[in-house]
Each structure stands twice: as structure tokens, then as C-alpha cells.
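Right, one structure below, let's go through it.
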Amino acid sequence: MKRTIIALGCTLLAGPALAQSAGEKTGVNSALGISPTTADFVKDVAISDMFEVESNKLAQAKGNAPEKAFASQMVTDHTKTSTELKGLVTSGKVKVELPTVLDSSHQSKLDKLKDKSGKDFSSDFDSMQVSAHKDAVSLFERYAKRGDNPDLKAWASKTLPALKHHLEMAQGLSKTK
């Protein structure tokens, strides 16, 4: 009986902490316009930047001319945002750990792209870029409005216009076909 009560108590205490991360992973927070936690925001941005750099390096090698031009810009811009985010964390202004590898979802997308070429590559790459940038714009908008770390919130606001431009560029890739 004591074990059951202890287990129930632990579950009730852990619920709110797990719900914050689960909401961001499932898109519930995005749908409701809820700001991610600082830890979730940093993790999602870092993974997104890693995915952008790696997927766009593939596009530089495998893509058509518009994709190669887009990819060059994305590698430059997302390397810059990664460096800025790392600077905020290493300065102590943001107290979270940065992930160093892609999560399974992004790794799976990258693996899928590695196996594609020609029109199949372009179709998958273009749709992944639109989706990734829609997600990024939503994430940055929500954190810029309601984030709880002032330095990170200011950085999100400053970075948001570039991400909106990236989304427009990604949407343009599909229209060039």
C-alpha cells in the first residue's frame, strides 16, 4: 500500500514537468499558442539548426540550382544562429544544456534525404524545408511573445524576421518547378 501511494505521489509530482516537454513534442503548445519552456526552446532550436545545416549540405550536393542557392544561404544563416545560441548558453545568460546530436525524428528525415536523388530528393527536401521553417517561425513567435528568459526572448525576436524570410524562400522552391 505504501509503495502504491509513493508511486502515485511521484507520478502526480512529475506530471507537470513532463507535460511541458510533451506539449512541445506533440505540437499541442503550438496549436494553443503556448510558449515553450526555455529548455524546450533551446533544445528545439539547436536540433532544428543542426538539421538545417546537415540537410542543406545535402542539397548543396544533390539539389537543383534554386535548391543549391537556397541551401547555401541556409547553411550560412543556421550556422550563425547556432553560434549565437551557443554564445547565450556559454555566457551563462541561458542556463540549459545544448543537445549535440539530432533527435530520432530529425535523423530519420536526414537519412531519408540521403537515400534520395533527382526529383525525389527535390520533392522531399522542399516539403521538409517548408515544414521545418513553419515550425521554427511558430516556435520563435511564441517564445518572443511569452518566453521567460529576457536575453533569449530578445534573441528570438531579433531572429524571427530572418526565419520568416527563410519560410518564404522555402515556399518559393516548390513554385519554381
Side-chain angles (χ1 to χ4, degrees), residues 11-59 70-71 73-113 125-171 173:
T11 303
L12 290 173
L13 290 173
L18 294 174
Q20 290 172 344
S21 294
E24 204 54 47
K25 288 178 189 170
T26 62
V28 172
N29 287 352
S30 179
L32 297 175
I34 297 170
S35 176
T37 64
T38 295
D40 282 345
F41 178 75
V42 169
K43 178 185 68 100
D44 289 353
V45 170
I47 288 172
S48 176
D49 276 348
M50 284 188 274
F51 176 74
E52 285 301 315
V53 170
E54 293 305 314
S55 64
N56 280 285
K57 284 181 179 177
L58 284 175
F70 172 85
Q73 184 71 50
M74 293 306 104
V75 169
T76 299
D77 289 356
H78 286 280
T79 299
K80 179 182 179 233
T81 55
S82 288
T83 302
E84 291 171 351
L85 182 61
K86 285 176 188 170
L88 285 167
V89 171
T90 57
S91 73
K93 292 179 179 181
V94 178
K95 295 181 183 354
V96 296
E97 252 185 75
L98 283 169
T100 56
V101 295
L102 290 173
D103 61 10
S104 60
S105 170
H106 285 88
Q107 187 61 55
S108 173
K109 289 176 188 177
L110 193 60
D111 292 342
K112 183 179 177 184
L113 279 179
F125 174 78
D126 295 359
S127 66
M128 283 181 193
Q129 289 300 308
V130 170
S131 176
H133 284 94
K134 281 182 180 178
D135 291 347
V137 166
S138 169
L139 183 70
F140 275 73
E141 281 178 338
R142 290 180 291 121
Y143 199 87
K145 286 180 186 171
R146 297 181 203 90
D148 58 3
N149 180 296
D151 293 307
L152 199 55
K153 193 173 171 178
W155 178 75
S157 293
K158 179 188 82 151
T159 306
L160 191 54
L163 291 174
K164 288 180 177 179
H165 181 63
H166 290 177
L167 176 57
E168 291 170 6
M169 291 169 62
Q171 290 167 329
L173 289 174

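- One N or O on the side chain of Y143 and one on the backbone of N149 form a donor-acceptor pair closer than 3.5 Å.
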- Apply side chain to side chain contact (heavy atoms under 4.5 Å, CB included) to K86 and L98, showing your working. CA-CA 8 Å; K86 285 176 188 170; L98 283 169; 3.4 Å; yes
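- For the atom pair OG (S82) and CD1 (I47), the distance works out to 11.5 Å, reported to the nearest 0.5 Å.
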- Query: Would E54 and K57 satisfy side chain to side chain contact (heavy atoms under 4.5 Å, CB included), going step by step from the backbone distance to the final call?
  - Reply: CA-CA 5 Å; E54 293 305 314; K57 284 181 179 177; 4.0 Å; yes
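- The two residues A156 and F41 make their nearest non-hydrogen contact at CB-CZ, 4.0 Å.
- In this structure, CG on D77 lies 7.5 Å from CE on M169, to the nearest 0.5 angstrom.
- Residues V130 and L173 fail the side-chain proximity criterion, which asks for heavy atoms closer than 4.5 Å.
- Between the R142 side chain and the S138 main chain, a donor and an acceptor come within less than 3.5 Å of each other.
- Side-chain atoms of N56 never come within 3.5 Å of backbone atoms of M74 as a donor-acceptor pair (strictly under, hydrogens ignored).
- For the pair E52 and S55, the tightest heavy-atom approach, listed with the atom from each and the gap, is O-OG, 3.4 Å.
- Between F70 and F125, the ring-plane angle classifies as perpendicular under the 30° and 60° cut-offs.
- Annotation for L85 and V42: closest pair CD2-O, 3.9 Å, computed over non-hydrogen atoms.
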- Message: One pair to check against salt bridge (charged side-chain N to carboxylate O under 4.0 Å, His left out): E141 and K164. What are the steps and the verdict?
- Response: CA-CA 10 Å; E141 281 178 338; K164 288 180 177 179; 3.5 Å; yes
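- Between V45 and T81, the closest side-chain pair of non-hydrogen atoms is not below 4.5 Å.
- Applying the ring-ring contact (aromatic ring centres under 6.0 Å, His included) definition to pairs two or more places apart or across chains, those involving residues 74-112 are F51-H106, H78-H133, H78-H166.
- The CG atom of D103 sits 8.0 Å away from the CE atom of M50 when rounded to the nearest 0.5 Å.
- Of all heavy-atom pairs between L110 and L58, the closest is CD1-CD1, 3.7 Å.
- Few gaps surround NZ on K153; more than 12 heavy atoms of other groups in view lie less than 6.0 Å from it.
- Results of the side chain to side chain contact (heavy atoms under 4.5 Å, CB included) test with P36 over D44, D148, L139 single out L139 as the only residue that passes.
- Checking side-chain atoms of S108 against main-chain N and O of S104 turns up no donor-acceptor pair under 3.5 Å.
- Sparse packing is recorded around NZ of K93, with 12 or fewer heavy atoms of other residues, nucleotides or ligands lying under 6.0 Å away.
- Note that the OG atom of S157 and the CG atom of L152 stand 10.0 Å from one another [nearest 0.5 Å].
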